[in-house]
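Small disclaimer: the values here were computed from a predicted structure and weren't measured. The sequence lines fix the lettering, A, B, ..., with proteins before strands; numbering per chain opens at 1.
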Amino acid sequence: VPDERRREEFEMTALPLARRLYATALRITGRTDDALDVVQETFLRAYRTFDSFTTGTNLKAWLFTILRSVSMNRWRDERRRPAMVPLEDWEARFGALAAAGPPTQDATSEEVRRALDGLPEEFRLAVLLVDVEGLTYDEAAAALGCPVGTVRSRLSRARRALFVALHDYARKAGYARSAP
Amino acid sequence: MKPIDPREHPSHDLDALSEALDGRLQGEGLEAVLGLVRSCAECRAAYEALAWTKAQAGRTPAVTAPPELEEEIRRGLDRGAVGPPRARTRRAAVFAALAALVVLALAAALVRLRPASPPPTLPQAVAEDFRNRGARTIALGIETTDPARLEAWLDSASLGFPTRVFDLRMMGYELRGGAVDSIAGRASALVVYREVATGREVICRMLLGRLRDLPPPDEALEHDGIRFQVYEAGRITLVFWPEGEVLCMLAGDGDREALVQLAFAKAMRAQTLSRHETHLSERLAGDVRHARATGGITHRNEEVGPSGARSASHSAGARRS
């Protein structure tokens with residue numbers, strides 16, 4: 001395939017996804033300049049290996065796979081991964097708080113961001129890809145490089161932990177129901 | 001209500017409740033979860049907590065990508081740069097910043113000397129694109145005469161907005177196919193129709209945008225409460241109209257009035273479909289309120305036979321993926 005045509009084909013199929021990739025990159029890295037770097041590198045890598053991409057397969061999942069790889073390498077390189085609260089601590093409280101019922105008000109977007117940031121990375125990514133980006137389990141599994149069953153389990157555990165974290169914020173704000 | 005007991009409900013029960021929220025369960029798997037939700041108050045509470053959490057996750061702060069994102073990516077591809085800019089040394093970054101300042105100062109001086117020509121407006125960009133493509137040489141990502149197939153294909157591109165493709169054969173236009181591209185820096189769904197009588201092609205585009213951000217039109221029309229803006233660019237006619245958050249447009253170089261009528265027809269169909277969807281969504285919301293009031297999640301269409309066997313479509317927030 002001539003370079004020009006290859007480039008045109010790549011831009012036509014991949015570029016429309018740039019903004020969604022940027023949004024996820026920003027949610028992962030938390031910094032706009034890092035997000036831009038990550039997306040640029042993702043597209044560069046994708047373009048270099050575009051010949052190996054099979055037309056008709058899932059381009060979105062493929063790009064998210066590269067994005068995750070680039071983001072994780074960056075994070076490892078810069079040792080900026082924040083300390084995480086052990087997931088088990090949150091999960092253990094889920095049953096009691098769920099019995100009380102969800103808070104009476106929605107969380108603020110900032111509370112959601114903080115709660116998500118507190119999750120271990122692989123759990124946070126599962127929520128970002130499925131609940132925020134709307135990827136299917138299969139697409140998320142491809143992007144995360146794990147079996148579909150693992151995505152299912154991570155999502156379930158992440159949602160329980162998120163519920164507890166958001167419940168804690170709601171209690172402080174005075175709109176949580178009391179646990180029985 | 002007592003908390004959910006992990007000895008009675010192991011983790012896989014909670015995983016199944018969570019999975020049901022994503023619409024992945026069908027048949028026996030879905031029935032098992034619905035059984036849990038109906039018969040066990042703690043499971044119902046857990047389901048509601050997980051559903052609330054899933055809804056909250058969608059409330060993450062909105063992200064606005066820089067307007068020049070696509071251009072930055074293109075420049076990166078042009079350079080074929082290896083390694084991200086952050087790998088630069090601090091000193092290199094300082095030099096780069098100083099160089100950028102110098103460039104900016106020069107650019108500002110040039111602007112004073114000669115005003116820069118403004119970027120093309122969306123109608124100009126669409127007309128230019130139509131002209132460049134040539135009516136008969138439009139490259140398509142998918143060739144099909146089936147609107148449902150094209151709609152599914154566009155959906156899979158995840159443009160971030162809904163795309164609707166209609167069968168316009170009654171209007172004398174046959175579907176050829178579609179593509180995804182970018183116009184004026186915005187992701188766009190492109191649908192190509194061919195006028196059966198003349199063989200001329202008409203391009204329909206959908207992208208995120210607002211009618212009020214467009215320049216003043218050559219003609220503004222209103223049809224059944226919808227505003228249409230018409231632009232002329234030589235032999236090319238462009239018709240723009242809104243469908244929710246999506247800006248739709250038709251471009252063609254055939255009969256102007258026929259194109260306007262086609263735009264009316266498309267917009268009317270979209271409006272009818274939208275009203276139908278709103279009606280359905282209100283009915284579903286009614287179902288949920290009813291389920292909550294009666295203490296369980298039920299099937300609207302559930303039919304319980306004499307033996308107690310059910311035949312029903314699913315609900316409980318479960319949708320098939």
Donor-acceptor check, side chain of B:R59 to backbone of A:D106, threshold 3.5 angstrom: yes or no?
no
Return yes if some donor-acceptor pair links the side-chain N/O of A:Q40 with the main-chain N/O of B:E72 below 3.5 Å, else return no.
yes
Is the shortest heavy-atom distance from the side chain of B:E19 to the side chain of A:V151 under 4.5 Å?
no
Among the options B:A189, B:A49, B:A62, B:G58, pick out the one with the most heavy-atom pairs lying under 4.5 Å from chain A.
B:A49
Flag side-chain contact, heavy atom, 4.5 Å: A:L36 against B:E68:
no
If I measure from the heavy atoms of chain B, does A:L59 come under 4.5 Å with its side chain, its backbone, both, or neither?
neither
Does B:L50 reach the side chain of A:F94, with side-chain heavy atoms less than 4.5 Å apart?
yes
Which pair of heavy atoms, one from A:A99 and one from B:A45, lies closest together, and at what distance?
CA-CB, 4.1 Å
Step by step, would you call B:L69 with A:R19 a side chain to side chain contact (heavy atoms under 4.5 Å, CB included)?
CA-CA 8 Å; B:L69 177 67; A:R19 284 168 191 270; 4.0 Å; yes
Check A:Y137 against B:S18 and note the closest heavy-atom contact, atom names and distance.
OH-O, 4.1 Å
Flag the one option from B:A55, B:P66, B:A57 with the top tally of heavy-atom pairs under 4.5 Å to chain A.
B:P66
Contacting region of B:S188 [heavy-atom separation from chain A under 4.5 Å]
neither
Check A:A107 against B:W52 and note the closest heavy-atom contact, atom names and distance.
N-CZ2, 4.2 Å
What part of A:L162 gets closer than 4.5 Å to chain B, counting heavy atoms only: side chain, backbone, both or neither?
both
Name the member of A:A25, A:G134, A:P103 that forms the most heavy-atom pairs with chain B at distances under 4.5 Å.
A:P103
Please classify the contact of B:R74 with chain A as side chain, backbone, both or neither, using a heavy-atom distance under 4.5 Å.
both
Main-chain N/O of B:A46 paired with A:R160 side-chain donor or acceptor, under 3.5 Å:
no
Under 4.5 Å from any heavy atom of chain B - which part of A:V164
neither
Report yes if the side chains of A:R159 and B:L21 come closer than 4.5 Å at any heavy-atom pair, otherwise no.
yes
Is it true that A:R154 and B:D15 have a side-chain N and a carboxylate O under 4.0 angstrom from each other?
no
Taking C-beta and beyond as the side chain, do B:T53 and A:D131 meet within less than 4.5 Å on heavy atoms?
no
Heavy-atom closest pair, residues A:A18 and B:E70
CB-OE2, 4.5 Å
Could you check whether atom CZ of A:R113 has more than 12 heavy atoms from other residues, nucleotides or ligands sitting under 6.0 Å from it?
yes
Nearest 0.5 Å, please: how far is CG in A:L128 from OG1 in B:T60?
7.0 Å
Set out, in order, the CA-CA distance, both residues' side-chain angles and the distance that settles side chain to side chain contact (heavy atoms under 4.5 Å, CB included) for B:D22 and A:L155, then state yes or no.
CA-CA 10 Å; B:D22 296 315; A:L155 260 180; 3.8 Å; yes
Would you mind checking which part of A:E111 comes under 4.5 Å of any heavy atom in chain B, side chain (CB onward), backbone (N, CA, C, O), both or neither?
neither
Quick check for you: to the nearest 0.5 Å, what is the distance between A:F43 atom CZ and B:I73 atom CD1?
4.5 Å
